[in-house]
**Q** 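What follows is a single structure, and I will ask about it in a moment.
Per chain, numbering begins at 1; letters A, B, ... match sequence-line order.
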Protein chains: 2
Amino acid sequence: MSADREARRRQILDRARDVFARRGYHQAKIDDIVAAAGVARGTFYLYFHDKRAIFEELVQRFWQKIVMSMARIDVERPVEPQVLAQVRRILDVFLDDPAMAKIMLSDAAGLDVEFDRRLLAFAADSAKLLEDALHDGQLRGLVKEGTPSVLGFFLVGGVKEVLLQIVRSAIPVDREATTRDIYAILARGILVENPKAKARAKPTREAAPPAPAPAKKKRATRS
Amino acid sequence: MSADREARRRQILDRARDVFARRGYHQAKIDDIVAAAGVARGTFYLYFHDKRAIFEELVQRFWQKIVMSMARIDVERPVEPQVLAQVRRILDVFLDDPAMAKIMLSDAAGLDVEFDRRLLAFAADSAKLLEDALHDGQLRGLVKEGTPSVLGFFLVGGVKEVLLQIVRSAIPVDREATTRDIYAILARGILVENPKAKARAKPTREAAPPAPAPAKKKRATRS
DNA sequence: CCCTAACTAGACTGGCGTGTCAGTCTAGCT
DNA sequence: AGCTAGACTGACACGCCAGTCTAGTTAGGG
């Protein structure tokens with residue numbers, strides 16, 4: 001009955017997720033999805049109103065998981081283990097479902113004006129909350145100085161990119177180690193401020209350009 | 001003659017850039033582009049082979065600018081001003097051309113299998129170079145410990161996200177201040193390690209969930 | 001005044017992919 | 001055996017849009 005129905009729905013949903021992850025929203029054709037799910041084209045439309053609807057449902061469900069993994073930081077207790085645990089939980093949510101992670105971290109924009117609008121609005125709200133939290137943290141001496149919105153964006157962007165690259169490369173990672181790496185960046189940054197000439201290895205070495213779109217430090221052509 | 005031709009080409013290119021930035025690759029119709037450029041449909045095809053070609057050229061040109069802004073860090077001289085200048089240059093490149101910035105930071109993927117493939121490959125190369133540079137920096141005592149690839153991804157992702165949000169919100173920012181904010185994160189991180197109960201403001205306050213896709217710290221429902 | 005080249009306006013077509021719908025098939029009931 | 005509900009099928013209609021093409025306009029050069 002409705003249990004069958006639920007199962008069938010689940011099946012389509014799961015397969016669609018894989019197809020979306022592999023091809024991206026626009027490249028994923030309904031034919032690909034129904035083929036992967038092993039159902040007829042018409043059946044798909046018995047369970048989902050249209051392509052956008054199934055995509056939205058996938059995004060929605062995964063977003064729920066993310067929200068569920070968030071925990072308030074208790075100021076009365078040591079912060080470090082709480083932050084570590086939080087980072088670890090985020091890692092788990094994304095890496096436990098690489099297909100959805102890929103979808104959330106690369107697609108999820110540029111499909112529909114309305115969908116984009118809602119997504120953007122939601123993102124803005126979330127960013128505002130994070131910003132407030134960081135500002136509050138600053139007042140409490142838990143967060144270093146700096147423009148809260150910039151701190152928040154950097155934080156989110158950094159974690160997103162790390163997760164995306166992990167998921168893309170499909171290489172299994174040591175989650176514990178990655179958690180510590182991220183925590184170290186949060187707590188201490190990346191650059192050494194006063195180099196005071198430490199190691200100094202092979203003196204002839206290249207520095208490097210950036211990645212995908214924008215990039216950062218060292219090396220190149222000019223200047 | 002060819003000067004006129006170059007100018008016409010330029011005009012179409014510039015207007016197309018605006019349309020792509022406003023609508024995204026898929027929503028941008030050829031009709032939108034020719035209307036914005038004030039040329040006839042046929043004329044467009046006198047200058048560009050097809051839609052993908054003009055998009056690729058835009059991406060290509062902007063990427064050149066990014067690469068040009070990269071400078072090798074001279075280990076013999078003080079690092080801080082060099083890094084500050086580097087961050088500032090990146091900010092300038094992106095914020096001077098918000099339309100292209102928007103395109104590079106959100107689209108630029110998911111249009112064509114071949115295009116994606118090349119982009120990804122290129123991104124991977126760049127990431128590798130940055131990773132090597134960071135590793136080298138560690139040996140020289142300029143970069144803190146941690147897995148170089150994770151440091152690199154976090155760095156790139158953080159900067160990307162900050163730029164994207166600035167460009168999206170269209171609010172003019174103080175580039176000098178943003179540069180310092182980013183440098184501060186690079187040099188010192190975000191979290192205070194040993195809070196030692198400093199300020200302590202309004203004790204009843206919310207922490208916050210995250211942003212767009214993945215997110216970070218504080219707040220929520222469970223745990 | 002004509003000729004050419006660049007351009008315009010816009011009609012056209014071809015392909016693609018979404019969503020529909022008339023019909024089939026199955027399981028269960030009477 | 002006859003009937004019914006409703007899950008499922010898949011050919012097809014339709015809209016959309018990139019890219020092509022034609023007829024007509026404009027401007028300059030000889």
**Q** D:dT9 P sits how many Å from A:R8 CZ, rounded?
**A**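 Taking CZ of A:R8 and P of D:dT9, I get 7 Å after rounding.
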
**Q** Starting at NZ of A:K29 and ending at P of D:dG10, how long is that distance when rounded to a whole Å?
**A**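 So the NZ-P distance, A:K29 to D:dG10, works out to 22 Å.
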
**Q** Establish, from distance only, whether the side-chain atoms of A:R8 and A:Q11 form a donor-acceptor pair under 3.5 Å.
**A**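 Checked: A:R8/A:Q11 side chains pair up, N/O donor to acceptor below 3.5 Å.
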
**Q** Could you tell me the separation between the CZ atom of A:F48 and the P atom of C:dT20, rounded to a whole number of Å?
**A**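 To the nearest whole Å, that distance equals 15 Å.
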
**Q** Should B:T43 be listed as having a side-chain N or O under 4.0 Å from OP1 or OP2 of C:dC7?
**A**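 Answer is no, no contact under 4.0 Å.
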
**Q** Specify the separation, in whole Å, of atom CD1 of A:I30 and atom P of D:dC12.
**A**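 These atoms are roughly 20 Å apart.
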
**Q** If you check the B:K51 side chain, which of D:dC8, C:dA9, D:dA18 turns out closest?
**A**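 Closest nucleotide among those given: D:dA18.
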
**Q** Reckon A:Y45 has a side-chain N or O less than 4.0 Å from the OP1 or OP2 of D:dC8?
**A**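 The answer is no; no side-chain N or O of A:Y45 sits under 4.0 Å from OP1 or OP2.
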
**Q** Report the distance from atom CG of B:D50 to atom P of D:dC17, rounded to the nearest whole Å.
**A**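 So the CG-P distance, B:D50 to D:dC17, works out to 17 Å.
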
**Q** Mind calculating the distance between CZ (B:R52) and P (D:dA18) to the nearest angstrom?
**A**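 One finds 15 Å between P of D:dA18 and CZ of B:R52, rounded.
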
**Q** Could you state the NE2-P distance from A:H26 to D:dC17, rounded to the nearest angstrom?
**A**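 One finds 12 Å between P of D:dC17 and NE2 of A:H26, rounded.
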
**Q** Side chain of A:L46: nearest nucleotide among C:dT18, D:dA7, D:dG19?
**A**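 From the listed options, D:dA7 comes nearest.
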
**Q** Would a distance-only check, ignoring hydrogens and angles, find a side-chain to backbone donor-acceptor pair under 3.5 Å from A:K144 to B:L191?
**A**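 Yes.
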
**Q** Can you measure B:R41 atom CZ to C:dC12 atom C1' for me and round it to whole angstrom units?
**A**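 Whole-Å distance recorded here is 11 Å.
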
**Q** Residues two or more places apart in sequence or in another chain: which of them pass ring-ring contact (aromatic ring centres under 6.0 Å, His included) with B:Y47?
**A**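 Testing B:Y47 for ring-ring contact (aromatic ring centres under 6.0 Å, His included), a comparison that skips the adjacent residues, returns none.
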
**Q** Determine the contact category for B:G38: base if any of its heavy atoms lies under 4.0 Å from a base atom, sugar-phosphate if only primed atoms, P, OP1 or OP2 are that close, otherwise nothing.
**A**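 It contacts sugar-phosphate atoms only.
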
**Q** Any idea which heavy atoms bring B:S69 and B:V93 closest together, and the distance?
**A**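 That would be CB-CG2, 3.8 Å.
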
